[in-house]
Protein chains: 2
Amino acid sequence: MDFNTLFKNEGVTLNKEKGDHVFMQGEVDGSIYYIQSGLLKAYYTSEDGKESVKSFIATNDIIGSLSTALSEKNCSFSLICLEPTTLIKIPISRLIEHSKKDLEIANSMIDVLLNLSIKKEIREYEFLCLSAEERLNKLMQLQPQLIEKVTQNDLARYLGVTPVGLSRIKKRILKG
Amino acid sequence: MDFNTLFKNEGVTLNKEKGDHVFMQGEVDGSIYYIQSGLLKAYYTSEDGKESVKSFIATNDIIGSLSTALSEKNCSFSLICLEPTTLIKIPISRLIEHSKKDLEIANSMIDVLLNLSIKKEIREYEFLCLSAEERLNKLMQLQPQLIEKVTQNDLARYLGVTPVGLSRIKKRILKG
DNA sequence: AGCGATCATTAACCGAGGTTAAAACGATGG
DNA sequence: CCATCGTTTTAACCTCGGTTAATGATCGCT
């Protein structure tokens, strides 16, 4: 069976408004979501209430809470819509069941996980090897349309700095 | 077919000394390695010659250059042995071929990639949400034996600071 | 128009960590 | 035992970004 067919046959379609949460940090949400349209933000809230943005998720992306799925409570996160969003939800357990029986599904899973790993590897590299300013420059080059859509606060927390810090960095870039 | 059997049947065993490289940054090494014994360091070298440690790889771990495999040259890295090391090498293309035909292999791949993704997610979280000091504390709790084995320089570059910075952090931790 | 609310910028101060260089602490070999 | 090399620590100085708080800017609401 085809991966997209699986989503269409067994998935549940959800329509969410801007500001709606898909799930909250701490909840065990054993699902994978395919984003049909819209924009979401995955974020961590620390004990002292500070927010860090893990990722933005756009149309055609797939997002799921891998770690909660495997009961790694450490880095469970919240998922919220930044725009009206349509997503298709399917339990990870269903995906794994199908993977055990169906070669095509299994290989789609491998594709998804490979792409996910590469994205994470790139982000890991950016934190390890680049400064906040360099991370911003790279993002401006590769995803300028994203920067237009999100607030400075979310953008800053995604880059690993505060909104105040981001403002300073932008100023520095403009001056040359 | 079993995943371990595949490694044993089709893999090539390599014996490396401390200081030997398995591959260098920039090379296209389309292989996956299973570490039978030993300890390795994966690291990036930036244009100005500075080194950042991506990860340490120990016995029973699996490591491969995902991004070079998919010709993402951005974050290609070098792999060097910190101890005498025995590894089994297999081309990624072989793994993918088998995955296309063999459910068991495909599901082993899924397992490996899921674990890899979770590891990367945790590290991503640590850079985004924790300070260098917190990252060190966590590492001391979870992998004290690793800290014994690696130099302060490698440890510092893994935590995202300089050896001088790490020395300061250790001092601060001891004082309370 | 006027108001509060949210968001972005700016300024002043502070602390963590980078940089450079020197010193201390090993190990090893002659 | 001393010389040397690599590793770790210390010290002095500086930059970046956090923190707090004040100021603008923009939007929606009545």
Side-chain angles (χ1 to χ4, degrees), chain A residues 17-21 39 41 43-53 56 80-84 126-140 144 146-176, chain B residues 17-20 39 41 43-53 56 80-83 126-140 144 146-176:
Chain A
E17 295 305 315
K18 174 176 174 176
D20 286 355
H21 274 93
L39 183 63
K41 171 181 77 168
Y43 67 98
Y44 302 108
T45 311
S46 59
E47 290 165 16
D48 58 1
K50 275 169 201 162
E51 189 178 296
S52 305
V53 174
F56 299 105
I80 190 173
C81 301
L82 302 182
E83 292 177 0
E126 288 166 350
F127 275 113
L128 190 58
C129 301
L130 306 182
S131 66
E133 182 168 339
E134 290 169 317
R135 291 197 290 276
L136 174 59
N137 271 320
K138 197 171 166 189
L139 193 64
M140 288 193 308
L146 182 64
I147 296 184
E148 305 303 319
K149 287 188 190 169
V150 304
T151 67
Q152 298 294 304
N153 186 55
D154 284 344
L155 181 59
R157 298 308 184 179
Y158 175 72
L159 294 171
V161 298
T162 60
V164 180
L166 174 57
S167 186
R168 251 186 310 233
I169 291 170
K170 284 169 66 179
K171 200 175 175 182
R172 207 163 54 219
I173 290 180
L174 291 181
K175 284 189 183 168
Chain B
E17 294 305 314
K18 174 175 174 175
D20 286 355
L39 182 65
K41 171 180 75 167
Y43 66 99
Y44 301 109
T45 311
S46 58
E47 290 164 17
D48 58 0
K50 277 169 199 162
E51 189 177 297
S52 305
V53 174
F56 299 106
I80 190 174
C81 301
L82 302 181
E83 293 176 0
E126 288 166 351
F127 275 113
L128 190 58
C129 301
L130 305 183
S131 66
E133 182 169 339
E134 290 169 316
R135 292 197 290 276
L136 174 58
N137 271 320
K138 197 172 165 189
L139 193 65
M140 289 194 307
L146 181 65
I147 296 184
E148 305 303 319
K149 286 187 188 169
V150 304
T151 67
Q152 298 295 305
N153 186 54
D154 285 343
L155 181 58
R157 299 308 183 178
Y158 175 72
L159 293 172
V161 298
T162 59
V164 180
L166 175 57
S167 186
R168 252 187 309 234
I169 291 170
K170 285 169 66 179
K171 201 176 176 183
R172 208 162 55 220
I173 289 180
L174 292 181
K175 285 189 179 168

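Quick note on labels: first sequence line is chain A, next is B, and so on, each numbered from 1.
- Rounded to a whole Å, the CZ atom of B:Arg157 is 7 Å from the P atom of C:dT19.
- Checked by distance alone, B:Arg172 brings no side-chain donor or acceptor within 3.5 Å of a matching partner on the base of C:dG15.
- Put simply, A:Thr162 has a side-chain N or O that comes within less than 4.0 Å of OP1 or OP2 on D:dG18.
- Distance CD1 (A:Ile173) to P (D:dC16): 13 Å, rounded to an integer number of Å.
- The shortest distance between side-chain heavy atoms of B:Leu136 and B:Met140 falls below 4.5 Å.
- Distance CG (A:Leu130) to C1' (D:dG17): 17 Å, rounded to an integer number of Å.
- Checking A:Glu133, A:Arg157, A:Gln152 one by one against A:Leu166, the side-chain contact (heavy atoms from CB on, under 4.5 Å) holds for a single residue, A:Gln152.
- Residue A:Lys171 places none of its side-chain N or O atoms closer than 4.0 Å to OP1 or OP2 of D:dC16.
- When the C1' atom of C:dG17 is taken as reference, atom NZ of B:Lys50 falls 13 Å away, rounded to whole Å.
- Under the side-chain contact (heavy atoms from CB on, under 4.5 Å) rule, A:Leu155 has a single partner from A:Leu146, A:Ile147, A:Val161, A:Val53, which is A:Ile147.
- When heavy atoms are screened at a 4.0 angstrom cut-off, B:Ser167 is found touching base atoms of the nucleic acid.
- An OP1 or OP2 oxygen of D:dT9 is reached within less than 4.0 angstrom by a side-chain nitrogen or oxygen of B:Lys170.
- Candidate nucleotides D:dG18, C:dG17, C:dA11 were compared by shortest atom distance to the side chain of A:Val161, and D:dG18 ranks first.
- A donor-acceptor pair under 3.5 Å links the side-chain atoms of B:Asp20 to the main chain of B:Glu17, judged by distance alone.
- In this structure, CD of A:Gln152 is placed 11 Å from P of C:dC7, rounded to the nearest angstrom.
- The distance from atom CG of A:Leu136 to atom P of D:dG17 is 11 Å, rounded to the nearest whole Å.
- Ring-plane geometry between A:Phe56 and A:Tyr158 is classed as tilted, the angle between the planes lying from 30 to 60 degrees on a 0 to 90 degree scale.
- Atom C1' of nucleotide C:dG15 and atom CD of B:Glu133 are separated by 12 Å, given to the nearest angstrom.
- Taking atom CG on B:Leu174 and atom C1' on D:dT9, their separation rounds to 12 Å, with Å as the unit.
- Residue B:Leu166 is classed as having no contact, given no heavy-atom separation below 4.0 Å to the nucleic acid.
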